[in-house]
Amino acid sequence: MFQEIVVNLWKGLQSFKHASKLSTWIYRVSLNTAISKCKKASKSQLVYTDDVPEVAAGDTDHEAEHSLSIKALYKGIDKLKPIEKAIILLYLEEKSYQEIADIIGLSKENISVKLVRIKKKLEHYLKPLATSNR
């Protein structure tokens, strides 16, 4: 995937118009490359791995709880649609609404509305986990 993204960045570098930040353009090319690859692979079964590290034996209770919360969040994100995943992950990377809009190709207002809906979905996915941990 990384190689494909680099190739697409290289091919598209001359078409970069400096209308946005270079990082925004790189995100957009990367995202579009990843989405295209996923669409091509949609015919086969996709298998997601749990990339969140396991709780280490020496962790305190607070650190263990925090690690489990992060793991639950990523499991919730994994249930979202690809575009929703992209939006929430950019949000978690502390990108501004305008930067997310530029990367995704939607209006800033549309991103705002989608983020509210995504947060509600995540709340819904995580609510059963929160009540079972009490």
Side-chain angles (χ1 to χ4, degrees):
M1 179 71 75
F2 175 75
Q3 290 175 339
E4 288 182 43
I5 290 170
V6 171
V7 167
N8 287 339
L9 288 169
W10 182 258
K11 286 179 182 177
L13 190 57
Q14 290 187 354
S15 68
F16 178 56
K17 298 176 182 147
H18 301 281
S20 62
K21 292 195 291 186
L22 180 63
S23 62
T24 300
W25 178 77
I26 291 171
Y27 264 104
R28 183 150 187 162
V29 170
S30 301
L31 181 64
N32 288 337
T33 302
I35 288 172
S36 295
K37 179 127 177 122
C38 286
K39 283 181 181 177
K40 289 178 188 173
S42 67
K43 294 177 185 172
S44 64
Q45 181 70 21
L46 293 177
V47 178
Y48 294 101
T49 59
D50 192 0
D51 291 337
V52 180
E54 293 295 324
V55 178
D59 284 349
T60 64
D61 287 340
H62 177 68
E63 290 171 334
E65 186 177 312
H66 180 71
S67 180
L68 290 173
S69 296
I70 291 173
K71 189 178 277 192
L73 175 64
Y74 277 99
K75 285 184 180 183
I77 290 172
D78 197 38
K79 294 178 182 179
L80 298 172
K81 296 176 187 174
I83 193 73
E84 293 172 334
K85 285 182 192 179
I87 291 170
I88 195 68
L89 290 173
L90 288 168
Y91 175 76
L92 291 173
E93 287 183 19
E94 299 181 355
K95 298 293 180 191
S96 71
Y97 283 25
Q98 188 59 56
E99 286 177 305
I100 297 171
D102 291 342
I103 292 165
I104 301 295
L106 299 172
S107 70
K108 181 178 170 183
E109 293 76 19
N110 198 328
I111 293 297
S112 176
V113 169
K114 285 190 176 291
L115 272 169
V116 169
R117 291 178 182 163
I118 292 167
K119 289 176 186 178
K120 284 182 182 176
K121 276 186 180 181
L122 286 174
E123 253 181 67
H124 175 73
Y125 294 150
L126 300 177
K127 195 173 193 176
L129 295 173
T131 56
S132 69
N133 288 340
R134 288 185 182 173

same_hphob_cluster([X], [Y]) at 4.5 Å side-chain heavy-atom cutoff:
X: Leu31; Y: Ile118; result: yes
X: Leu22; Y: Trp10; result: no
X: Tyr74; Y: Ile88; result: yes
X: Ile5; Y: Phe16; result: yes
X: Ile26; Y: Leu92; result: no

Exercise for the section: Decide side chain to side chain contact (heavy atoms under 4.5 Å, CB included) for Thr33 and Val7; before the verdict, give the C-alpha distance in whole Å, the side-chain angles of both, and the deciding distance to 0.1 Å. Expected result: CA-CA 10 Å; Thr33 302; Val7 167; over 6 Å; no
Distance (rounded to the nearest 0.5 Å) between [X] [atom1] and [Y] [atom2]:
X: Ile77; Y: Leu126; atom1: CD1; atom2: CG; answer: 8.5 Å
X: His18; Y: Trp25; atom1: NE2; atom2: CH2; answer: 9.5 Å
X: Lys114; Y: Lys81; atom1: NZ; atom2: NZ; answer: 7.5 Å
X: Ile100; Y: Ser112; atom1: CD1; atom2: OG; answer: 10.0 Å

Around atom [atom1] of [X], are there more than 12 heavy atoms from other residues, nucleotides or ligands closer than 6.0 Å?
X: Lys119; atom1: NZ; value: yes
X: Glu93; atom1: CD; value: yes
X: Tyr91; atom1: OH; value: no

Practice task
State, with a plain yes or no, whether a side-chain heavy atom of Leu9 is found less than 4.5 Å away from one of Leu13.
Solution key: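 Side-chain contact under 4.5 Å: no.
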Problem - Salt bridge flag under 4.0 Å for residues Arg117 and Glu84 - result: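 So Arg117 does not pair with Glu84 through a salt bridge.
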Exercise for the section: Answer yes or no: is there an ion pair linking Asp102 with Lys108, defined by an N-O contact shorter than 4.0 Å? Expected result: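 No, no charged N to carboxylate O under 4.0 Å.
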Practice task
Report the C-alpha distance between Leu90 and Glu99 in whole Å, list the side-chain angles of each, state the deciding distance to 0.1 Å, and finish with yes or no for side chain to side chain contact (heavy atoms under 4.5 Å, CB included).
Solution key: CA-CA 9 Å; Leu90 288 168; Glu99 286 177 305; over 6 Å; no
Give me the atom names and distance for the closest heavy-atom approach of [X] to [Y].
X: Gly76; Y: Tyr125; result: O-CD1, 3.6 Å
X: Ala101; Y: Ser107; result: CB-C, 3.8 Å
X: Leu80; Y: Lys85; result: O-CE, 3.2 Å

Handout entry: Passing option when Ile111 is tested against Ile104, Val116, Ile103 for side-chain contact (heavy atoms from CB on, under 4.5 Å)
Key =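 In the set Ile104, Val116, Ile103, the residue that makes a side-chain contact (heavy atoms from CB on, under 4.5 Å) with Ile111 is Ile104.
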